[in-house]
2 protein chains.
Amino acid sequence: MQRVRIKDVAREAGVALSTAALALRNDNQLREETRRAVRDAAARLGYVYDRSAAMMRSGRSHTVGLLVCEITNPFYAELTAGVEAALEEAGFATMLANTGESVTRQRRMLERFREQPVDGVLMMPASGTPPTLLDDLERWGLPHATVVRGFRRGAHTGPDNRGGTRLATEHLLGLGHRRIAFLGGAAKNSVTAGRWEGYARSMARAGLEPVQLACRTDIGEAAALAQDLPHDGPTALVCFNDSVAFGAMLGLSRAGRVPGRDIAVTGFDDIREAALWHPRLTTISTSPRQMGQAAARVLLARIADPDAPPPRETIRAQLVVRESCGAKLNGGGCSSG
Amino acid sequence: MQRVRIKDVAREAGVALSTAALALRNDNQLREETRRAVRDAAARLGYVYDRSAAMMRSGRSHTVGLLVCEITNPFYAELTAGVEAALEEAGFATMLANTGESVTRQRRMLERFREQPVDGVLMMPASGTPPTLLDDLERWGLPHATVVRGFRRGAHTGPDNRGGTRLATEHLLGLGHRRIAFLGGAAKNSVTAGRWEGYARSMARAGLEPVQLACRTDIGEAAALAQDLPHDGPTALVCFNDSVAFGAMLGLSRAGRVPGRDIAVTGFDDIREAALWHPRLTTISTSPRQMGQAAARVLLARIADPDAPPPRETIRAQLVVRESCGAKLNGGGCSSG
DNA sequence: CTGAAAGCGCTTACAG
DNA sequence: CTGAAAGCGCTTACAG
């Protein structure tokens, strides 16, 4: 069985090849009647559109490269789901690459995307990515956007990191805490910087000394740190994200301390497990799925109009008060969420 | 700046176009010296290989479509990471599609993959996918393989579901439990069937009545079910997977019962959180990342040799004894892991 | 709408 | 290794 081409569809429908091509792309300079006749003919013959040929001729692949720093992190998985859904809806396919936080792998994958070729790249840069990467992308003429993690320039969509930890810290201050430590954020990137700043500035405004208990985003590492916390140490922990907060709560439990009663804990991200953990986690919601969708739309806008100024979007952070901060257990000084 | 093509590289290197083309693909019928000269010329000119053109001419895209049932499920995220890594290593790119358990979306995405075109499809079929889908894929001439969830035929890589729940059930029987219930598995698919069978047969062999507490794979739903469990109900729960087990433990805690002491709980999958939960979860390990890698290799073999009989691989299940089964707390009848 | 044609950048087969 | 050439299946511009 020969492969069916547009030429065959045109013959079957009794129209010219160029007419069939236009009809198959649903071009509206054709009469509805003609378009339907062509589509019917295509269906009868079992025609399958060949995007690789279209790509080659038109130079547009309707494919986007998605560079994920770590897909097994639930937050990034949710974000990826949002990106994929928004791209799919816009008729774009998603080429996935998981860098696993390796700058080397990331580089190789970008070069692969360039060869592919993709119409644009959406990335969550691996920790330690030099900002000059943007220069390369620009030199290559590859439209790009960052999400969550970004640089000082370039199209970007990210959470309000500073505002988020500010909300968390002020909430804990309002509950009467004074010895509040920041747990996590050992990696050097824009997210870490923003979350630390939001915390540290709030502490400074309250005349208190900010303290960082640095660890990587790893439940086990956070647990180990929290387990060894002295009893005259912090009474509250502003955690870098929910995974760190879960680790902290596990470590505290192992040390015989009850999170939310003996010590307050807040997270960041509001991943699904946050509402289900025991105690339920007080955290900062940043809606990763919606952020992914927003980032996809930003990139598509870049692709459609590369000369427009690159948009920078901030997703609002919201405090979600549950149990781990102790507000609902102690009836502390906090009036509401 | 004009785009650099193979023709330009050939001129720069002082060889024929066909020689340059062969050299760039590192064909070993050429002398090493010639290959290097061509690669150097390509580097000097900033040549970028255009896969879309190669794809069109050769009919091979070196791209695989990956259909994930739910990427936000940590188990499938880990699996996806394994698939992507193995494909990348083999020089294949991954087109990602997240069906979110929708058979309709799945269908649309497969048709998209067909147009793309991809060299093959690796899928975790959405719940409720009719086995006739395989007929369509074969009619389309699209090499395919399933992973985790599959059908009675076709290339497949999956965990030993039956063996896994058998291990868990026999472990609990060995600890002296008699009222053991199976929690979860409301969805109809091959995984559910296998896990239920492993449990039910072990119960039957022990002369006991199998009982299913059906719920979807959802922490909240499992928690609700476990919270309402009567005190004269089951003393042990064989859970469909780790997420269900986490839900069960949360529900039990809310009802004031201590998992691992008042009631035994086992999971399935051994996702990362399993070792870190409180209590640590006794579960069945199936190494999702390795399973993903194995599945990718199976598909690549199908693509390379479509006429060979489709391989079916089973990944061995292993019991990982931790705390939630009570074995290590009670010093029960279990001798080891 | 038609019809003939060029061209995207490769791969591939072939005679030398 | 060379060199000339065909062809993958589209898109696109154009004269009618």
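The figures that follow rest on heavy atoms only: side chains count, while hydrogens, waters and symmetry mates do not. Order of the sequence lines sets the chain letters (A, B, ...), proteins ahead of strands, with each chain counted from 1.
- Sequence order on DNA chain D of the closest nucleotides to B:A53 and B:L22 puts B:L22 first from the 5' end.
- Using a cut-off of 4.0 Å between Lys/Arg side-chain N and Asp/Glu carboxylate O, B:E111 and B:R114 are scored as not salt-bridged.
- Atom-to-atom, CG of B:D50 to C1' of D:dC10 comes out at 14 Å; the value is rounded to the nearest Å.
- Between B:S18 and B:A54, the residue anchored nearer the 5' end of DNA chain C, judged by the nucleotide with its closest heavy atom, is B:A54.
- One can place CG of B:L17 at 11 Å from P of D:dA4, the figure rounded to the nearest angstrom.
- Within the nucleic acid shown, A:R51 has no heavy atom closer than 4.0 Å to any nucleic acid atom.
- When rounded to the nearest whole Å, the span between NZ of A:K7 and C1' of D:dG7 equals 11 Å.
- Atom OH of A:Y47 is separated from atom C1' of D:dG9 by 8 Å (rounded to the nearest Å).
- Rounded to an integer number of Å, the gap from B:I6 CD1 to D:dG3 P is 16 Å.
- With rounding to whole Å, A:M55 atom CE is found 14 Å from C:dC10 atom P.
- Residue side chain A:R57 reaches the base of C:dG7 through a donor-acceptor N/O pair under 3.5 Å, judged by distance alone.
- Rounding to whole angstrom units, CZ of residue A:R25 and C1' of D:dC10 are separated by 9 Å.
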